[in-house]
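The structure appears below as structure tokens.
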Amino acid sequence: MKNDKANLKTHPTWGGRFQKPLDPRVEQFHTSIHFDYRLLPYDILGSITHAHMLAKQGLISQDEAALIQHGLNKIIQLYQAGELVLDAKLEDVHMNVEFLLEQHIGEVAKKLHTGRSRNDQISLDIRLFLRDAIDDILHLLDSLHTILQALIEMHQDTTMPGYTHLQRAQPITLAQHLGAYSAMIARDKQRFQECRARMNYSPLGAGALAGSQLPLDRHYVASKLHFAGIIENTLDAVSSRDFAIEFCSTSSILMMHLSRLCEDVILWATEEFAFVKLDDAFATGSSLMPNKKNPDIPELIRGKSGRVFGHMIGLLTMMKGLPLAYNKDMQEDKEALFDTVDTLKSCLGILSPFLQSLHFNSNKMAQAVKSSMMNATLWVEKLVLKGIPFRRAHEIVGQWVLLAIQEGKDLDTIVDTEIKASNGVCRS
Ligand code: ARG
């Protein structure tokens, strides 16, 4: 049969069964290298391990594996030096690496993809990337936790109003208030640790979807890459992204917590509250109003929570209708994940020094406690301890509060006169 493909430049990776080159508009549309280049160090780590496994299994020679490793190391060096030229025509990070490898070491590069598909490769790369990202985030959460703990230690006796419905409710300490956030952050840490543990299984060897008839050693690859084991079901290995969604959901919960903490600080920094003064180095001014000092940092963190929640919903929506196994829709997960990681790191990175820089106004907080009737519940409980039924005690103190409001006195003065007037027995 005449080979009329000889002069046709079909695709270098799958050109065998194609009779036309890819339309340049398709090339431009489906390329992902402008964002997935970030996975390059993980892609190379996976490839080096894969090559060693191939050699161990006798599928390539030890010399070939060594040459492949040498070539891949060269590529990573160029990448780190910012000297690597990546080509959008080569679609994604995997094909760029393979092409560059061939330029460096020649034909042997063609053996690297033995027993592997980009489908198990990308699932591996994202897991390796997220594992590192989680370690960085855990580290940042540790710093935040330490700073919160130091503030908690410092403010054991700093009384302040506690709020419900944003109305003064009962006296608390600043330590108690910050302690609530510290507890939330501790749970966030646990969630990230658990998410990491659940994603820490190797998909490599799953191939496109059905594994391979080649004698691959999936466990070897998994243990070399410090995974807890392999993902047994090969379809699951290539087509599940629940680990990515779990990461986004864990990140969303964390951002919701950070956003609430920021909202508290924003309120406290208003002239109306004045519980806290922003440090000049951590606040911004207005281009128009010379009097302004704005809490941009907590506002931005509060604002950035939106994009993180959005990524979680984006991934859930992207995945919900996909038939098994891999579908190209899944390429859309990268930007969401990268942006989630970047947002979390930048927010955590700035929140810790920001909290450290705050100047709390303990006098103002104590004054706010004194000037209101927040000890009303304490009085109810004192009456309960004297044997008065709770509902009755509530009503009695309610009447004292009303009297205090009507006479413009503070609650303690009213309680004093009322108790004296009733000879220690409470009037109804
Ligand atoms: N760039 C692709 C992604 O991010 C890699 C996997 C491509 N697989 C394929 N069969 N086209 O998902």
Side-chain angles (χ1 to χ4, degrees), residues 10-18 20-47 50 72 75 79 84 86-101 110 112-133 199 202-212 221 231 233-245 247-248 311 314-342:
T10 57
H11 199 279
T13 304
W14 57 71
R17 61 99 75 211
F18 281 73
K20 278 184 181 178
L22 203 56
D23 188 298
R25 288 164 296 190
V26 178
E27 261 172 12
Q28 208 197 359
F29 181 68
H30 84 157
T31 183
S32 56
I33 191 65
H34 54 290
F35 53 84
D36 68 16
Y37 71 90
R38 285 181 63 166
L39 296 173
L40 190 137
Y42 301 102
D43 200 71
I44 286 191
L45 176 65
S47 287
H50 181 67
L72 291 170
I75 294 171
Y79 174 81
L84 204 62
L86 298 162
D87 184 358
K89 280 204 172 82
L90 293 166
E91 190 184 327
D92 58 23
V93 63
H94 322 298
M95 299 209 283
N96 266 275
V97 169
E98 209 176 307
F99 173 80
L100 289 165
L101 186 64
K110 291 203 160 95
L112 174 61
H113 213 50
T114 309
R116 194 175 64 168
S117 153
R118 282 185 295 155
N119 297 355
D120 54 353
Q121 201 176 348
I122 189 63
S123 173
L124 177 85
D125 291 4
I126 312 173
R127 283 164 202 272
L128 291 173
F129 167 81
L130 280 182
R131 226 169 52 170
D132 272 5
M199 80 167 64
S202 172
L204 216 63
L209 78 163
S212 166
V221 172
I231 302 170
N233 185 294
T234 54
L235 276 82
D236 180 35
V238 292
S239 70
S240 295
R241 291 292 181 271
D242 52 341
F243 66 95
I245 297 169
F247 173 76
C248 286
H311 293 319
L315 287 194
L316 280 168
T317 314
M318 183 266 281
M319 289 301 292
K320 83 178 180 68
L322 299 189
L324 294 186
Y326 177 83
N327 297 268
K328 188 67 173 245
D329 314 44
M330 287 152 74
Q331 178 165 291
E332 290 291 307
D333 62 1
K334 309 305 165 287
E335 286 159 295
L337 287 172
F338 295 155
D339 190 64
T340 301
V341 170
D342 294 345

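For ligands, and for the atoms within them, numbers begin at 1 and follow the listed sequence. These numbers were taken from a predicted model, which means no experiment stands behind them. Below, all heavy atoms of this structure are taken into account, side chains as well, without hydrogens, waters or symmetry copies.
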Mind checking whether E91 contacts ligand 1 via backbone (N, CA, C, O), side chain (CB onward), both or neither, at a 4.0 Å heavy-atom cut-off?
-> neither
Just how far is it from atom CG of D43 to atom NE2 of H50, taken to the nearest 0.5 Å?
-> 11.5 Å
For ligand 1, which atoms sit closer than 4.0 Å to a heavy atom of [X]?
X    : value
H94  : 5 (C)
S32  : 1 (N)
K334 : 3 (C), 4 (O), 12 (O)

Around [atom], find the nearest protein heavy atom and jot down its residue, atom name and distance.
atom                    : result
atom 1 (N) of ligand 1  : Q331 OE1, 2.8 Å
atom 12 (O) of ligand 1 : Y326 OH, 2.5 Å
atom 11 (N) of ligand 1 : R118 NH2, 3.3 Å
atom 9 (C) of ligand 1  : N119 OD1, 3.4 Å

Decide, yes or no, whether a salt bridge links R118 with E91 under the criterion of side-chain N to carboxylate O below 4.0 Å.
-> yes
Ion pair present between K334 and D36, side-chain N to carboxylate O less than 4.0 angstrom?
-> no
Please report the C-alpha distance between I245 and D333 in whole Å, then the side-chain angles of each, then the deciding distance to 0.1 Å, and finally whether the side chain to side chain contact (heavy atoms under 4.5 Å, CB included) criterion is met.
-> CA-CA 9 Å; I245 297 169; D333 62 1; over 6 Å; no
Counting N and O atoms only, with roles assigned by atom type, does the side chain of D120 sit under 3.5 Å from a partner on the main chain of L204, one being a donor and the other an acceptor?
-> no
So, does S239 use its side chain to make a donor-acceptor pair with the main chain of L235 at under 3.5 Å?
-> yes
Test side chain to side chain contact (heavy atoms under 4.5 Å, CB included) on S117 and V238 and set out the steps.
-> CA-CA 9 Å; S117 153; V238 292; over 6 Å; no
Looking only at heavy atoms of Q121, does any of them come nearer than 4.0 Å to an atom of ligand 1?
-> no
